[in-house]
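Numbering of residues begins at 1 and proceeds along the displayed sequence.
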Amino acid sequence: MTFPRTALLLGLASLAGTRAPAQTPRDTTPALIHAGRLFDSEHGTFRSSVDILVRRGRIDSVGASIALPPGAREIDLRRYTVLPGLIDAHTHLLNLVSPKVGDVMEGLRQNTMEGTPLRALHGAARARTYLAAGITTVRDLGNSGQFGDVALRNAIRDGSVDGPRMVVSGPGLSPIGGQYPGLQQGFMSVAADEYRIVHNPDDAADAVRENVTLGADVIKIYSNNTPNRGTFSAEELRAIVGAARRMGVRVAAHATDDAAVWRAADAGVNSIEHGYELGDSTLALMARKGVMLVATDIDTLSGIQYMKQAGRPEEIAGMLSFLESERSRLRRAVKAGVTIAAGSDNYIDMGWPQGYSSRRVLFAYIQSGMTPVQVLQAATINDARLLGLENRIGVIKRGAVADIIAVDGDPIADFTAMERVAFVMKDGTVYAGR
């Protein structure tokens, strides 16, 4: 029997227009968790002696003294502080750079010599370290070749690989050259293998449609493509934001200097990534338009480790001075009313598991003067809202996904408790702990 060609094409078109389903929980046994202290991310408070009933990967109920259902297992976390699974809103799982070699040369090597399939396999190994760190969701923003991040997301989603839930961008939209300075004209295709190079406003809108069609959940753009000198025009930025809204996805804008941040925020992006140079008027604009700042900062321990890994211990003092300037701008952002979302941008090989390195961003925020509650909200409910997944992740309440972690200690009294992750559940499946 010959299958009609028209029916086949219609079937493929239907599949292409359908988003992949949420991951089916591997463990469908009901679980009753006894929490000693529970972080309520919506209200920024802690509750004592709370039970959480989990069924089929979702939180069924939260309250005191919930009866154990028949056939359910009990998980005793009475000695611990229980929180929603952490979220990192700026990762690069398919990219890991040696400080001794540098971003550009390592990026070119990965692009031209490692290739997307091998990078995706390396990313799969790194993904497990995020779960171990208590990070159950990431927003992965490019530097993944041609949609290698989409492949890894799908492999995690279908259960082939253990890792955090991934919200992915595909290739970042960039002015010519991407972030590869010095490319000669005959080699510009190398940048096009890693970035979606945009040439004008119409092409910018096309790029959004292409990425979403090929599996992107979010659009990553380079308002300025440092270390190159390119920038997007206001018209190109508006075309990107308009197309993204029509496609139902959000826009994350890499922007490092004040002018690039202003243009992106004025165009209506959802988040500014990095924002190292921010004037007071730009902060006021971001606060007024509800544009979040994903502050990809470095804590003192990581800064020192970076210089050691780079073989430049004599430059540690300079690094610490730079970090203090970062902290000043973050304090000004908080004071201006800008919502802070947690994101590490960790792609540096610190000699530590990548998930551990990514979690260190929380300590950078503490060192900038944010309170422990503000930091925990940045890494849970604020990130969930940024991703458009509020009420699903970043909270522990009825109907939310069962992403639950526990740490040994009280992070309010001693924030180093966040390093002592004793239990990790994602989608109702336990990956670490009892």
Side-chain angles (χ1 to χ4, degrees), residues 20-27 41 57-58 83-96 119-144 148-170 215-218 220 252 294 296 341-347 352-362 376 378-390 392-396 400-407 418 421 423-433:
Q23 180 176 325
T24 301
R26 296 188 198 178
D27 189 345
S41 60
R58 295 271 178 174
L83 309 97
L86 301 177
I87 305 167
D88 187 336
H90 192 128
T91 64
H92 298 286
L93 267 65
L94 278 70
N95 186 32
L96 194 63
R119 291 172 71 180
L121 290 170
H122 288 161
R126 295 170 195 142
R128 299 183 184 97
T129 72
Y130 281 81
L131 285 181
I135 299 169
T136 54
T137 300
V138 301
R139 186 180 61 158
D140 207 67
L141 295 179
N143 299 109
S144 304
D149 52 352
V150 172
L152 179 56
R153 177 202 65 193
N154 292 347
I156 291 172
R157 184 179 281 168
D158 69 24
S160 299
V161 173
D162 290 341
R165 180 179 300 99
M166 293 184 69
V167 174
V168 303
S169 70
D217 307 300
V218 62
K220 161 75 176 292
V294 181
T296 56
S344 67
D345 188 33
N346 182 264
Y347 60 89
W352 302 325
Q354 197 170 9
Y356 171 84
S357 292
S358 291
R359 193 181 58 204
R360 292 298 310 175
V361 74
L362 305 183
L376 294 177
T380 54
I381 194 165
N382 291 1
D383 273 350
R385 288 169 175 159
L386 175 61
L387 272 57
L389 297 174
E390 59 270 35
R392 293 178 58 191
I393 62 174
V395 292
I396 296 178
V401 174
D403 287 4
I404 299 168
I405 69 169
V407 299
M418 296 305 298
V421 175
F423 175 85
V424 178
M425 171 184 280
K426 177 194 155 216
D427 282 312
T429 297
V430 176
Y431 288 90

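- Going from atom OG of Ser357 over to atom CG of Asp88 covers 11.0 Å, rounded to the nearest 0.5 Å.
- At least one donor-acceptor pair closer than 3.5 Å links the side chain of His92 to the backbone N or O of Gly142.
- Pairing each heavy atom of Tyr130 with each of Asn346, the nearest pair is OH-O, 4.3 Å.
- With sequence neighbours excluded, the residues forming a side chain to side chain contact (heavy atoms under 4.5 Å, CB included) with Leu389 are Val167, Leu387, Arg392, Ile393, listed by chain and number.
- Side chains of Leu152 and Val168 form no contact here, defined as non-hydrogen atoms less than 4.5 Å apart.
- Looking at residues two or more places apart in sequence or on another chain, you find a side-chain hydrogen bond (donor to acceptor under 3.5 Å, both in side chains) between Thr91 and Asp140.
- Shown here are the ring pair (Phe, Tyr, Trp, His ring centres under 6.0 Å) partners of Tyr356, two or more places apart in sequence or in another chain: Trp352.
- Residues Gly148 and Ala120 approach most closely at O-CB, 4.2 Å, considering heavy atoms.
- Between Ser41 and Val395, the shortest heavy-atom distance links the atoms OG-CG1, 3.4 Å.
- Annotation: side chain of Met166 is in contact with side chain of Ile156 (closest heavy-atom distance under 4.5 Å).
- The minimum heavy-atom distance between Gly134 and Ile405, with the atom names listed, is O-CG2, 3.7 Å.
- Using a 4.5 Å cut-off on side-chain heavy atoms (C-beta onward), Thr296 and Val361 make no contact.
- Note that the CG atom of Asn95 and the CZ atom of Arg119 stand 6.0 Å from one another [nearest 0.5 Å].
- Minimum heavy-atom separation, Gln354 to Arg126: OE1-CD, 2.7 Å.
- Interatomic distance, CG of Leu376 versus CG of Asn382, reported as 10.5 Å (0.5 Å rounding).
- Partners of Ala379 according to the side chain to side chain contact (heavy atoms under 4.5 Å, CB included) rule, which considers only residues two or more places apart in sequence or in another chain, are Leu86, Ala342, Leu362.
- Within the structure, every pair that satisfies the side-chain hydrogen bond (donor to acceptor under 3.5 Å, both in side chains) test and touches residues 160-170, not counting sequence neighbours, is listed here: Arg26-Asp162, Thr137-Arg165, Asp158-Ser160, Arg165-Asp403, Arg165-Asp427.
- The main-chain N or O of Val218 is never found under 3.5 Å from a side-chain atom of Arg139 such that the two would form a donor-acceptor pair.
- By the side-chain hydrogen bond (donor to acceptor under 3.5 Å, both in side chains) test, Thr380 pairs with no residue at all, sequence neighbours left out.
- The two residues Val150 and Ala216 have their closest heavy-atom pair at CG2-N, 4.4 Å.
- Taking the side chain as every heavy atom from C-beta outward, Val401 and Thr136 never approach each other to under 4.5 Å.
- Put simply, the side chain of Asp149 gets close to the backbone of Gly170: a donor and an acceptor are under 3.5 Å apart.
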